[in-house]
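Only one structure is covered here, and it is reproduced in the block below.
Fair warning: this is a prediction, and the values are worked out from it, not measured in the lab. For this chain, numbers begin at 1 and follow the sequence in order.
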Amino acid sequence: MFEWLINLPVWLQTPLMVAVVLLITAIVGWGLNALMWRVIPPNHEERAMLGIDTVPNQPTSATDPERIAPVVNTPQESTPRKDR
């Protein structure tokens, strides 16, 4: 049945086998990735990073930089003014 494949020259067998192995590993990798996403669902940060976030701007913790109010820096004088 596979005698024609065995009798092919090596320069044809090698790219054919590389293509078959890449196809098999891509299918297995896709399957494992799909299984992982079902077993361990992504958290908010991962969903935001991948662009699949359904609730935008949801803070992940109390120390989230987006949740903390911005600090406004007012310019400070280095030497006191004499007119005060």
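Judged by distance alone, the side chain of Thr14 and the main-chain N or O of Trp11 form no donor-acceptor pair under 3.5 Å.
Under the side chain to side chain contact (heavy atoms under 4.5 Å, CB included) criterion, Leu8 pairs with Trp4, Leu5, Leu12, Gln13, not counting sequence neighbours. Every residue meeting the side chain to side chain contact (heavy atoms under 4.5 Å, CB included) condition with Asn43, not counting sequence neighbours, appears here in chain and number order: Glu45, Glu46.
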Indicate every side-chain donor-acceptor pair of residues 28-41 with a distance under 3.5 Å to a residue at least two apart or in another chain.
residue : atom : partner : partner atom : Å
Asn33   : OD1  : Trp37   : NE1          : 2.9

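Here CE of Met17 is found 11.0 Å from CG of Leu22. Values are rounded to the nearest 0.5 Å.
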